[in-house]
Number of protein chains: 2
Amino acid sequence: MKTRQVYLVDDDAAIRDALAWLLRSRGIDSRAWSTAESFLADYNSAMSGCLILDIRMVGMTGAELYDQLLALGCAMPTIFLTGHGDVPLAVKTLKRGAFDFIEKPFNDNELVDRILAALQQEENQRGLDASRTQIEERLATLTEREQEVMACILAGKLNKVIADELQIAMRTVEVHRAHVFEKMKVRSAVELAQLMSAYRAGKPRQ
Amino acid sequence: MKTRQVYLVDDDAAIRDALAWLLRSRGIDSRAWSTAESFLADYNSAMSGCLILDIRMVGMTGAELYDQLLALGCAMPTIFLTGHGDVPLAVKTLKRGAFDFIEKPFNDNELVDRILAALQQEENQRGLDASRTQIEERLATLTEREQEVMACILAGKLNKVIADELQIAMRTVEVHRAHVFEKMKVRSAVELAQLMSAYRAGKPRQ
DNA sequence: GCCGCCATTGTGGATTTCCACAGCCCCTTT
DNA sequence: AAAGGGGCTGTGGAAATCCACAATGGCGGC
């Protein structure tokens with residue numbers, strides 16, 4: 001099981017070193033990169049933790065790197081460090097989902113608190129993602145007919161009504177219904193309804 | 001039925017007039033205040049629409065007014081106008097829920113687009129709030145026993161299991177169950193499960 | 001005392017859900 | 001050809017849900 005890390009990207013070596021030292025003193029694992037390009041080349045979706053990005057860097061900026069990572073499906077919470085007052089950029093980046101903005105020079109405790117919060121959020125999100133994946137895997141096992149019957153079940157329809165609508169025997173509805181419960185690993189229509197409600201509530205993820 | 005309005009608060013008369021004119025030319029109703037204090041004195045929860053606040057004003061600032069309004073339970077989307085680059089304040093206010101930050105001088109079309117989006121969001125939120133209120137009213141009609149039985153239903157338990165746990169007859173469970181469905185205005189356990197799932201998913205609102 | 005609300009329970013019967021056992025047909029893969 | 005998957009169906013019977021009709025008892029308010 002991989003450990004969470006804090007990924008630091010800043011072209012200022014002093015900042016990188018200071019941050020790495022700070023995090024080590026708090027027992028937090030970290031790795032540093034001096035350019036956005038080098039981090040991007042190393043990035044892979046197995047990375048787990050949070051990002052600390054300097055918003056302005058030589059070459060690709062932190063904001064541009066963030067856009068690239070979003071496009072790659074990276075969901076790690078991202079904290080931006082900024083030394084300039086650029087409100088539109090801060091607003092835009094926050095609205096795109098950045099976790100936080102912290103101005104240099106920063107307060108050590110404040111930054112570590114935000115980092116811990118970001119790590120916690122990432123952990124929570126990973127759990128949610130795992131659940132979603134599991135539900136999706138179960139859904140993928142359903143035949144077309146089973147999906148149709150499931151939709152009717154979730155619409156609260158009686159088996160005989162489903163049978164009428166799909167023009168099949170009630171016995172067949174029962175068979176498909178039993179398969180749906182089995183494949184979705186639920187024991188009742190209530191449980192199925194709750195599972196699918198939770199799944200759909202967490203769906204907006206694009 | 002009250003109409004939605006845009007509420008303008010800015011100590012700069014030229015801005016207020018220009019905004020009012022702009023909105024009128026787009027067929028959007030608005031009202032203006034020159035100080036945060038005067039708006040706060042007039043505020044009431046029946047106001048519907050969105051807010052445009054200048055972030056810095058003589059006396060109470062836009063940010064301070066926003067905090068006050070939040071404390072009063074105001075849910076109108078709030079767009080801040082700012083002429084200075086104060087990133088921490090922008091970040092803090094956005095994280096508190098502000099709808100957007102726009103720097104002066106602003107682009108007319110951009111601002112109107114954001115206002116229309118804010119009005120739409122407020123409309124959607126009103127609809128959600130109305131639904132929540134309705135559900136809460138129905139929940140309030142349930143007796144303690146009915147609430148207990150409902151919890152068991154939502155846990156997917158059979159009537160006979162509920163009867164065992166609550167140490168009552170199955171017939172009594174059926175009576176309470178029927179009352180729960182009637183009062184919650186649902187026709188099945190599935191429908192009840194979905195109603196409560198949606199309600200609980202939208203609960204974090206404090 | 002009367003009334004309304006709440007909780008509880010029983011009887012009898014209808015409807016719905018669930019499923020073991022059994023079977024048929026079509027299509028695809030080995 | 002045989003096996004597996006999917007869809008479909010029937011029989012018989014048990015379990016679960018639903019409810020009209022009926023009733024009792026406790027509590028609080030008028």
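Every heavy atom of this structure was used, including side-chain atoms; hydrogens, water molecules and symmetry mates were not. A, B, ... follow the sequence lines: proteins, then strands. Residue 1 opens every chain.
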Nucleotides bounding contact with chain B, strand DNA chain C, heavy-atom threshold 4.0 Å:
dC6(C) to dT11(C)
Quick one: is [X] getting a side-chain N or O under 4.0 Å of the [N] phosphate, OP1 or OP2?
| X | N | value |
| --- | --- | --- |
| Thr143(A) | dG5(D) | no |
| His176(A) | dC8(D) | yes |
| Arg145(A) | dC8(D) | yes |

For [Y], does its backbone N or O pair with a side-chain atom of [X] as donor and acceptor, under 3.5 Å?
| X | Y | value |
| --- | --- | --- |
| Gln194(B) | Leu154(A) | yes |
| Glu122(B) | Ser48(B) | no |
| Arg132(A) | Tyr199(A) | yes |
| Tyr66(B) | Ala98(B) | yes |

Both Glu144(B) and Arg171(B) contact DNA chain C. Taking the nearest nucleotide for each, which residue is further toward the 5' end?
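In this pair, the answer is Glu144(B).
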Charged N to carboxylate O below 4.0 Å: is that the case for Glu148(B) and Arg145(B)?
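Arg145(B) and Glu148(B): salt-bridged.
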Do the side chains of Arg177(B) and Glu174(B) get close enough for a salt bridge, i.e. N-O under 4.0 angstrom?
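A salt bridge is absent here (no side-chain N lies under 4.0 Å from a carboxylate O).
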Using a 6.0 Å cut-off, check whether atom NZ of Lys95(A) has over 12 heavy atoms from anything other than its own residue.
yes
At a heavy-atom distance below 4.0 Å, what parts of residues 151-169 of chain B sit against DNA chain D?
Leu158(B), Asn159(B), Lys160(B)
Centroid-to-centroid, Tyr43(A) to Tyr7(A), below 6.0 Å?
no
Which residue, Lys183(A) or Met170(A), contacts DNA chain D at a nucleotide closer to its 5' end, judged by nearest heavy atom?
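Taking each residue's closest nucleotide, the earlier one in sequence belongs to Lys183(A).
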